[in-house]
Amino acid sequence: MNTQRSGDTTLKEAIGRLAKAVGMLEAAADGRLEKEQDYAEAEAEVQRMGADRARLAQEIDKAEARAERLAEVNREVSRRLVTAMETIRAVLDR
């Protein structure tokens with residue numbers, strides 16, 4: 001009868017160790033799945049950031065082109081104002 005109890009105790013211990021190992025395996029698998037999900041989310045964020053960067057680069061190019069056109073117009077307006085002022089001075093000096 002003592003052998004029966006010893007066998008029962010050993011079996012209970014083995015079942016306990018097995019349950020603990022299965023629990024640890026499940027926790028490790030859950031952790032791995034969470035990390036993979038985090039990685040997928042990070043990858044999606046990198047893709048969004050890349051798209052934003054490309055869009056912003058295009059907007060900057062457009063803004064720079066517009067600024068250059070405005071600078072050209074500004075130079076032309078300044079040239080015309082100088083010409084107009086010189087013409088007015090010439091008329092007043094007569």
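Here the CG-CD distance, from Leu81 to Glu76, works out to 10.0 Å after rounding to the nearest 0.5 Å.
With a 4.5 Å cut-off on side-chain heavy atoms, Glu26 and Val22 count as touching.
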Could you walk me through whether Arg79 and Thr83 satisfy the side chain to side chain contact (heavy atoms under 4.5 Å, CB included) test, starting with their C-alpha distance in whole Å, then the side-chain angles of each, then the deciding distance to 0.1 Å, before giving a yes or no? CA-CA 6 Å; Arg79 185 188 65 74; Thr83 302; 4.2 Å; yes

Using the salt bridge (charged side-chain N to carboxylate O under 4.0 Å, His left out) rule, take Glu68 and Arg75 through it: C-alpha gap first, then chi angles, then the decisive distance, then the call. CA-CA 11 Å; Glu68 182 58 35; Arg75 285 190 292 274; 3.5 Å; yes

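Using a 4.5 Å cut-off between side-chain heavy atoms of Ile, Leu, Val, Met, Phe, Trp and Tyr, Ile88 falls into a hydrophobic cluster with Leu92.
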Quick one: side chains of residues 41-57, donor-acceptor pairs under 3.5 Å with protein atoms, not counting sequence neighbours, listed by atom name and distance.
from	atom 1	to	atom 2	distance (Å)
Glu41	OE2	Gln37	NE2	3.1
Glu43	OE2	Gln47	NE2	3.3
Glu45	OE1	Arg48	NE	3.2
Glu45	OE1	Arg48	NH2	2.6
Arg55	NH1	Glu59	OE2	2.9

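In the hydrophobic clustering of ILVMFWY residues, with side-chain heavy atoms under 4.5 Å counting as a link, Val77 and Met85 come out apart.
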